[in-house]
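As structure tokens, the structure follows; a few thoughts come after it.
In listed order, ligands and their atoms are each counted from 1. Values in this document were obtained by computation on a predicted structure and should not be read as measured data.
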Amino acid sequence: MREPKLPSVYKLIALNTVDSTNAEAKRLAVRGEDETADGTIVWAKEQTAGRGRRGRTWSSPKGNLYCSLILRPDAPASVAAQLSFVAGLAIHDALCLLSEPGHEVLVKWPNDILVNGKKVAGILLEAEQSSGDVPAWLILGLGLNVGVHPEDAEFPATSLRFEGWPSTEIDVLEAYCRYFLSWTSRWLDKGFEQVRKNWLWRCKGQGEHMEVRLAGETLTGVFADIDDNGALVLDQDGHQRIISAGDVYFGGS
Ligand code: BTN
């Protein structure tokens with residue numbers, strides 16, 4: 001396998017096996033900025049304890065992309081959390097760059113990427129739980145099914161290989177890192193509104209009926225919008241409900 005070529009702002013830590021790149025990134029991040037700068041990226045060929053959102057396991061055999069970016073934005077937690085949408089756009093655009101004609105790539109709220117209607121990637125954002133408002137670090141984890149995908153996942157899953165794309169983990173990592181830089185500059189220059197609009201242009205299901213599963217209840221309604229904080233706006237017969245975390249299902253998914 002060739003070495004990834006990343007823009008010089010990134011510092012790559014390449015591992016064969018790790019429990020979880022997010023966990024490893026967190027262990028490095030707590031050592032402080034002098035040791036682990038903004039832009040450090042932990043990449044592993046496999047994970048033995050890959051984590052998904054909401055306490056799920058992320059299946060992590062060899063053949064897929066597992067990476068976690070350490071970021072140190074000087075922003076309150078609620079603003080820094082917008083970076084998961086920045087990452088979603090970067091992955092989307094990276095996949096569009098690498099894709100063959102005729103494939104559909106979409107983002108899905110809150111942090112999934114779909115290829116041809118099935119989940120190909122997920123993002124796990126974790127932040128330092130600081131006493132102050134500005135977290136000292138943020139970990140942006142990305143799992144992307146390149147060569148293999150789970151058959152028994154809660155959301156129907158796919159991989160680039162299954163969809164017939166020849167791209168490797170390294171092709172995807174390189175394209176993702178380049179697009180992440182350009183989307184981060186747009187976010188810094190123009191704010192979340194630019195990101196929000198672009199995310200909505202690329203998203204699954206705006207205006208469609210959906211089910212949202214929360215910790216203790218299931219809601220139905222129409223996916224109306226995402227708000228200034230990235231929360232989902234669900235229209236329930238003209239009454240808008242704002243949802244900041246949950247699992248979303250559209251008809252047939
Ligand atoms: C999701 O539930 O959709 C998010 C999945 C995120 C998985 C990635 S794989 C790399 C990084 N390390 C982890 O343990 N999780 C994230």
Side-chain angles (χ1 to χ4, degrees), residues 4 6 10 12-30 36 39-71 81 83-92 94-95 105-115 117-128 137-160 169-170 172-173 176-177 180 199 203-204 212-215 230 232 244-250 253:
L6 304 184
Y10 294 101
L12 181 68
I13 299 180
L15 306 168
N16 271 317
T17 303
V18 72
D19 52 353
S20 145
T21 55
N22 263 38
E24 177 64 12
K26 213 183 275 187
R27 290 190 285 266
L28 294 169
V30 295
T36 324
T40 303
I41 183 160
V42 179
W43 167 48
K45 300 219 169 69
E46 69 178 339
Q47 302 183 116
T48 54
R51 310 198 295 244
R53 287 194 306 272
R54 311 187 87 203
R56 296 190 181 102
T57 298
W58 186 260
S59 161
S60 306
K62 279 202 165 81
N64 292 335
L65 176 63
Y66 312 108
C67 65
S68 300
L69 189 52
I70 300 171
L71 299 169
L83 282 163
S84 65
F85 290 88
V86 172
L89 287 174
I91 300 157
H92 174 279
L95 292 183
V105 185
L106 294 174
V107 293
K108 176 175 172 248
W109 190 89
N111 287 145
D112 291 344
I113 312 295
L114 309 179
V115 165
K118 286 173 276 174
K119 179 162 171 170
V120 80
I123 297 165
L124 179 64
L125 180 78
E126 297 181 287
E128 185 214 15
W137 49 260
L138 216 71
I139 309 292
L140 197 48
L142 165 66
L144 194 146
N145 301 332
V146 177
V148 285
H149 65 274
E151 295 295 342
D152 55 352
E154 190 170 337
F155 298 95
T158 192
S159 64
L160 300 187
E169 297 101 287
I170 293 177
V172 180
L173 178 65
Y176 165 56
C177 285
F180 186 76
W199 191 95
C203 80
K204 159 86 182 155
V212 188
R213 297 191 196 150
L214 313 178
L232 177 80
S244 51
D247 288 324
V248 157
Y249 299 82
F250 293 94
S253 76

Check: Of R53, R56, K119, which meets salt bridge (Lys or Arg N to Asp or Glu O under 4.0 Å) against E154?
Finding: R56
Item checked: Close-contact set for ligand 1 against S68 heavy atoms, below 4.0 Å -> 11 (C)
Notebook entry, point to check: Which residue owns the protein heavy atom closest to atom 2 (O) of ligand 1, what's the atom, and how far is it?
Noted result: R53 N, 2.7 Å
Next item on the list: Report yes if the side chains of V86 and L140 come closer than 4.5 Å at any heavy-atom pair, otherwise no.
Entry: no
Notebook entry, point to check: Run the side chain to side chain contact (heavy atoms under 4.5 Å, CB included) check on I170 and W43 step by step: do they pass?
Noted result: CA-CA 10 Å; I170 293 177; W43 167 48; 4.0 Å; yes
Margin query: When you measure from the side chain of N64 to the backbone of G147, do you find a donor-acceptor pair of N or O atoms at a distance under 3.5 Å?
Written below: yes
Note to self: Geometry only, no angles: is Y66 polar-contacting ligand 1 at N/O separations under 3.5 Å?
What the structure shows: no
Check: In the protein, which heavy atom is nearest to atom 5 (C) of ligand 1, and how far is it?
Finding: W58 CE3, 3.4 Å
Margin query: Between W58 (side chain only) and L142 (backbone N and O only), is there a donor and an acceptor less than 3.5 Å apart?
Written below: no
Next item on the list: Hey, can you tell me if Y249 and F155 have their rings parallel, tilted or perpendicular (30° and 60° cut-offs)?
Entry: parallel
Next item on the list: Considering heavy atoms of the protein only, find what lies nearest to atom 10 (C) of ligand 1 and give residue, atom and distance to 0.1 Å.
Entry: T21 OG1, 3.1 Å
Notebook entry, point to check: Starting from atom 3 (O) of ligand 1, which protein heavy atom do you reach first, and at what distance in Å?
Noted result: K119 NZ, 2.6 Å
Note to self: Heavy atoms only: which of R51, Q47, E24, R54 lies closest to atom 12 (N) of ligand 1?
What the structure shows: Q47
Next item on the list: Please identify which atoms of ligand 1 are closer than 4.0 Å to at least one heavy atom of G143.
Entry: 7 (C), 8 (C), 9 (S)
Check: Going by distance alone, is a donor N or O of one side chain under 3.5 Å from an acceptor N or O of the other, for T17 and E46?
Finding: yes
Checklist line | Ligand-residue contact atoms, ligand 1 with G50, heavy atoms, under 4.0 Å | finding: 14 (O)
Check: What distance do N22 atom CG and L69 atom CG have between them, rounded to the nearest 0.5 Å?
Finding: 10.5 Å
Next item on the list: Please could you name the atoms of ligand 1 that I123 approaches to less than 4.0 Å, counting only its heavy atoms?
Entry: 4 (C)
Margin query: Once you restrict to heavy atoms under 4.0 Å, what part of D112 touches ligand 1? Side chain, backbone, both or neither.
Written below: side chain
